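In what follows, every heavy atom counts, from backbone to side chain, and hydrogens, waters and symmetry copies are set aside. Only a predicted model underlies this, so the values are computations on that prediction, with no experimental measurement involved.
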Amino acid sequence: MDLAIDSVKEVLSAVLHPETGKDIVSMGMVQGLSIEGDKVSFTLKLTKSNDPFASSLKKTATKAIRQKFGENVEVDVLLVANVAPKVPPLKQKASISKVKNIIAIASGKGGVGKSTIAANLAVAVAKTGAKVGLIDADIYGPSIPKMFNMEHTQPEIVKEEGLELIVPVENYGVKLLSIGFFVDPNNALVWRGPMATSALKQLIHQGAWGELDYLFIDMPPGTSDIHLTLVQEVPVTGAVIISTPQDVALADAVKGISMFTSPSINVPVLGLVENMAWFTPEELPNNKYYIFGKEGCKKLAERMKIPLLGQIPIVQSIREGGDYGEPVAINASITGKAFDELAKNLIERVEWRNRELPPTQIVNVQHK
């Protein structure tokens, strides 16, 4: 049998969904089937976001194709959930009036260590005695649960004054909510825009946050519906932009700054954080190697007249802390002290912003 769309469909017609007993083709789960050379690609559309059979269906379909057409066939299966995860429905908004400052942690592009900075900054601010919360709004790649060693935690749902609220989990003095708590971490799920923005609203308004001095929001990279949803839902005190020193990252950082400071959004940018500023080997703690260029964020901050809040080096312990769920900011190491300095500068900047600038207003988008 030749490798063709009809013949691949025929093979997939023998793959049954364990729950329904029906084959995945007749159920309409196989979509966008395409063949390029020896590569078969298709989307497996799930009927629910937490389908327990998603991984096994993907493996079974891949195995069936290779058994029929040969082990050298590359099979690319994308799991897509067309429904939102099982988070309680948002019927009414809970008050977040006890949250004093809402800080967006953003970046113009991915890969600059935004979530690592968000996690360690939240921990460092909590170390000062402040009450801190952190929302993982990076809907498409939630990594905060892993960074806080809370991957297998399920937040409790409680009823309070007639509202169903999600109780944030807590570690290292930081209250946490992430969409990662409600989806299977082993499955890559693709969400449509409205589903993603709805999830963010639920994390904000159904979180039992209580009194907080700072609520940090770890945003997805770039500029998207998620960013617009945030400024429409809550008055954001300010944004912190994360970048690495090289030109390609700085160009995208400028776009992020421009988005927040545009007249239609008007959220103050509290400052820039330069991540991966230099590499310092553990055995040579006084040596600095500027792998991605030197002081790119410092120069950009001077040009755009915004503060440079901190410079964080590339150190092995930062990577290990994220992988093992122990943020490096909890330690009194050189890197931990860098985050302490970043936290101090941010707190001072927030105090300046609240003293010198008018409160941020919720953005009201007019549809013409």
Rounded to the nearest 0.5 Å, the CD atom of Gln232 sits from the NE2 atom of His227 at a distance of 13.5 Å
Decide whether Ile330 and Tyr214 are clustered together by the hydrophobic rule: side chain heavy atoms of Ile, Leu, Val, Met, Phe, Trp, Tyr closer than 4.5 Å, transitively.
yes
Answer whether the closest heavy-atom distance between the side chains of Phe339 and Val123 falls below 4.5 Å.
no
Is Arg66 reaching over with its side chain to a backbone N or O of Val73, donor-acceptor style, under 3.5 angstrom?
yes
Inter-residue atom distance Ile265.CD1 - Phe260.CZ, 0.5 Å rounding
7.0 Å
State, with a plain yes or no, whether a side-chain heavy atom of Ile65 is found less than 4.5 Å away from one of Leu12.
yes
Report the C-alpha separation of Asn101 and Phe216 in whole Å, then their side-chain angles, then the decisive distance to 0.1 Å, and conclude whether the side-chain contact (heavy atoms from CB on, under 4.5 Å) test is met.
CA-CA 8 Å; Asn101 298 289; Phe216 293 100; over 6 Å; no
With rounding to the nearest 0.5 angstrom, report the CD1 to CZ distance, Ile103 to Arg353.
8.5 Å
Could you please spell out the steps behind the side-chain contact (heavy atoms from CB on, under 4.5 Å) verdict for Ile157 and Val167?
CA-CA 6 Å; Ile157 308 297; Val167 180; over 6 Å; no
Minimum heavy-atom distance Lys100-Thr237, with the two atoms named:
O-OG1, 4.1 Å
Within the structure provided, determine whether Val158 and Glu156 are in side-chain contact (heavy-atom separation under 4.5 Å).
yes
For Thr60, the side chain to side chain contact (heavy atoms under 4.5 Å, CB included) test, sequence neighbours excluded, returns Val15
Which pair of heavy atoms, one from Val267 and one from Gly238, lies closest together, and at what distance?
CG1-CA, 3.8 Å
Between Ile5 and Ile35, which heavy-atom pair has the shortest distance, and what is it?
N-CD1, 3.4 Å
Hits for salt bridge (Lys or Arg N to Asp or Glu O under 4.0 Å) against Lys175, two or more places apart or cross-chain, chain-then-number order -> none
For residues Val234 and His205, report the shortest heavy-atom separation together with the two atoms involved.
CG1-CE1, 4.3 Å
Do you know which of Val125, Leu121, Leu134 makes side-chain contact (heavy atoms from CB on, under 4.5 Å) with Val174?
Leu134
Between the CD atom in Gln202 and the CG atom in Leu200, the distance rounded to the nearest 0.5 Å is 9.5 Å
Close side-chain approach of Met27 and Lys45, heavy atoms under 4.5 Å
no
Working for side-chain contact (heavy atoms from CB on, under 4.5 Å), residues Met276 and Ile291:
CA-CA 8 Å; Met276 309 183 202; Ile291 299 172; over 6 Å; no
Does the Asp136 side chain pair with the main chain of Ser143, one donor and one acceptor, at a distance under 3.5 Å?
yes
Got a sec, which hydrophobics cluster with Trp352, joining ILVMFWY side chains under 4.5 Å apart, including via others?
Leu357
Taking the side chain as every heavy atom from C-beta outward, state whether Trp209 and Leu165 have any pair of such atoms under 4.5 Å apart.
no
Trace of the salt bridge (Lys or Arg N to Asp or Glu O under 4.0 Å) decision for Lys9 with Asp6
CA-CA 5 Å; Lys9 276 190 176 181; Asp6 288 343; 5.7 Å; no
Quick one, Val77 and Leu57 - any side-chain contact, counting heavy atoms below 4.5 Å?
no
Stepwise, does the side-chain contact (heavy atoms from CB on, under 4.5 Å) test hold for Cys297 with Val273?
CA-CA 7 Å; Cys297 284; Val273 176; over 6 Å; no
Sidechain-backbone polar pair: Ser178 side chain, Pro145 backbone, donor-acceptor under 3.5 Å
no
So, taking the atom named CG in Leu272 and the one named CD1 in Ile242, what distance separates them when rounded to the nearest 0.5 Å?
8.0 Å
Are the side chains of Ile117 and Leu342 in touch, meaning some heavy atoms are under 4.5 Å apart?
yes
If the threshold is 4.0 Å, N to carboxylate O, is there a salt bridge linking Asp340 and Lys337?
no
Please check if the side chain of Glu274 supplies one atom and the backbone of Ser243 the other of a donor-acceptor pair under 3.5 Å.
no
Apply salt bridge (Lys or Arg N to Asp or Glu O under 4.0 Å) to Glu341 and list each qualifying residue two or more places apart in sequence or on a separate chain.
Lys344
Do Asn275 and Thr244 have side-chain N/O donor and acceptor atoms under 3.5 Å apart?
no
Give me each pair satisfying side-chain hydrogen bond (donor to acceptor under 3.5 Å, both in side chains) with a member in residues 12-29, each pair once, sequence neighbours excluded.
His17-Asp51, Glu19-Lys48, Asp23-Ser26
Shortest non-hydrogen pair, Ile166 vs Pro155, comes out as CG2-CB, 3.6 Å
Donor-acceptor pair, distance only, cut-off 3.5 Å: does the side chain of Asn171 make one with the backbone of Asn149?
no
Under 6.0 Å from the CD atom of Glu36, do we count more than 12 heavy atoms belonging to anything else shown?
no
Tell me whether Ile362 is reachable from Val269 by hopping between hydrophobic residues (I, L, V, M, F, W, Y) whose side-chain heavy atoms are closer than 4.5 Å.
no
Which atom names give the shortest non-hydrogen contact between Val132 and Ala122, and what distance separates them?
CG1-O, 3.8 Å
Between Lys98 and Leu212 (side chain of the first, backbone of the second, donor and acceptor by atom type, cut-off under 3.5 Å), is there such a pair?
no
Hey, quick one: are Leu16 and Phe53 part of the same hydrophobic cluster, counting side-chain heavy atoms closer than 4.5 Å, chains of contacts allowed?
no
Interatomic spacing from CG in Leu3 to NZ in Lys39 - rounded to 0.5 Å
13.0 Å
Kindly write out the residues that satisfy salt bridge (Lys or Arg N to Asp or Glu O under 4.0 Å) with Glu302, not counting sequence neighbours, or none if the list is empty.
none
